[in-house]
Amino acid sequence: DINKDELDLDRFNKIDEREINYREAVDLVRKASGHVNSEEFYNAGTLLNQAIKLAPGFTVAYIGRSTVYNNYAASADISSDNKLKYANWALSDAKRAVQLDPSDPLNMIHYSSTHSLLTSLQGKHPDKEAELILTKLLDTNLSQYQRAQALKYRAGAKRFRSPSALTDL
């Protein structure tokens, strides 16, 4: 027999703070996305930092912040050292997303594209590591969208992107 007096049924009526934090983090990521699209990287980064503090296991927030760092490194008029700094931060966040959810192929695809940007900024062409990761990923059961993303970024990893190569033509 079950003694109903010993059951803590009130726990189901209590509000779970983790769920509230997660919902707020989802809302912050959604708002940050608009800032990324408008190239308002500082505002997007601030919102994503807040989302990560609220829900440290929310991989989408890490991918979002990695994207902010990537886009800033690729487009901002800043020194090469600063571009490398932001690209390294982007790679760190992409790696964290993979660690948190290694079963999501999009996390690995994002990691590979981020790695390609970093190697490009370092003057290393092509990015063999990203190419290898994406080739292995393409041998798995991916959705059409995931397959298209993996193919796109693998092509980017293979591409020789040295601006000096254009001057030699």
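Only one option out of Thr46, Val36, Leu47 pairs with Val68 in a side chain to side chain contact (heavy atoms under 4.5 Å, CB included); it is Val36. Paired with Tyr69 under the rule ring pair (Phe, Tyr, Trp, His ring centres under 6.0 Å), one option of Tyr42, Tyr62, Trp89 passes, and it is Trp89.
Distance CG/Leu28 to NZ/Lys53: 11.5 Å, rounded to 0.5 Å. We find the CD1-CG distance between Ile63 and Leu48 to be 11.0 Å, quoted to the nearest 0.5 Å. Here the CZ-CD1 distance, from Arg65 to Ile52, works out to 3.5 Å after rounding to the nearest 0.5 Å. Distance CG/Leu106 to OH/Tyr145: 6.0 Å, rounded to 0.5 Å. How far CG of Asn71 is from CG of Leu117: 9.0 Å, rounded to the nearest 0.5 Å. Taking CD1 of Ile133 as the start and OG of Ser113 as the end, the distance is 10.5 Å to the nearest 0.5 Å.
Cluster membership for Leu134 and Leu151, using ILVMFWY side-chain heavy atoms within less than 4.5 angstrom, is shared. Hydrophobic cluster membership is shared by Tyr153 and Val98, with clusters built from Ile, Leu, Val, Met, Phe, Trp and Tyr side chains linked at under 4.5 angstrom. Hydrophobic clustering, with ILVMFWY side chains joined whenever heavy atoms are under 4.5 angstrom apart, groups Ile109 together with Leu118. Clustering ILVMFWY residues whenever any of their side-chain heavy atoms sit less than 4.5 angstrom apart, transitively, puts Val26 in a cluster other than the one holding Leu54.
Between Glu129 and Tyr111 the shortest heavy-atom distance is OE2-OH, 3.5 Å. Considering all non-hydrogen atoms of both residues, Thr114 and Ala94 come closest at OG1-CB, 4.2 Å. Here the closest non-hydrogen pair linking Leu137 and Pro105 is CD2-O, 3.8 Å. Ala130 and Ala157 get closest at one heavy-atom pair: CB-CB, 3.9 Å.
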### Task
Could you give me the CA-CA distance, side-chain angles and deciding distance for His110 and Asn70, then say whether side-chain contact (heavy atoms from CB on, under 4.5 Å) is met?
CA-CA 10 Å; His110 181 79; Asn70 262 342; 4.0 Å; yes
### Task
Any chance you could lay out the side chain to side chain donor-acceptor pair (under 3.5 Å) test for Asp101 and Thr59, step after step, and finish with the verdict?
CA-CA 7 Å; Asp101 188 2; Thr59 59; 4.9 Å; no
### Message
For a side chain to side chain donor-acceptor pair (under 3.5 Å) check, start with the C-alpha distance between Asp127 and Ser116, then their side-chain angles and the critical distance, and finish with the verdict.
### Response
CA-CA 6 Å; Asp127 184 358; Ser116 285; 3.2 Å; yes
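By the side-chain hydrogen bond (donor to acceptor under 3.5 Å, both in side chains) test, Gln50 is found to be paired with no residue, residues two or more places apart in sequence or in another chain being considered.
For Asn37, the CG atom counts as densely surrounded, since its 6.0 Å shell holds more than 12 non-hydrogen atoms of other residues, nucleotides or ligands. The neighbour count for Ile15 CD1, taken as heavy atoms of other residues, nucleotides or ligands under 6.0 Å away, does not exceed 12.
Each salt bridge (Lys or Arg N to Asp or Glu O under 4.0 Å) pair with one or both residues in residues 73-91, not counting sequence neighbours, would appear here, but there are none. Pairs of residues two or more places apart, or lying in two chains, that qualify as salt bridge (Lys or Arg N to Asp or Glu O under 4.0 Å) and include a residue from residues 22-51 are Glu19-Arg23, Asp27-Arg30, Asp27-Lys31.
Put simply, the side chain of Asn88 gets close to the backbone of Leu84: a donor and an acceptor are under 3.5 Å apart. Looking at Arg147, its side chain does come within 3.5 Å of a backbone N or O of Leu138 through a donor-acceptor pair.
The aromatic rings of Tyr72 and Phe41 sit perpendicular to each other, their planes meeting at more than 60°, with 30° as the lower class boundary.
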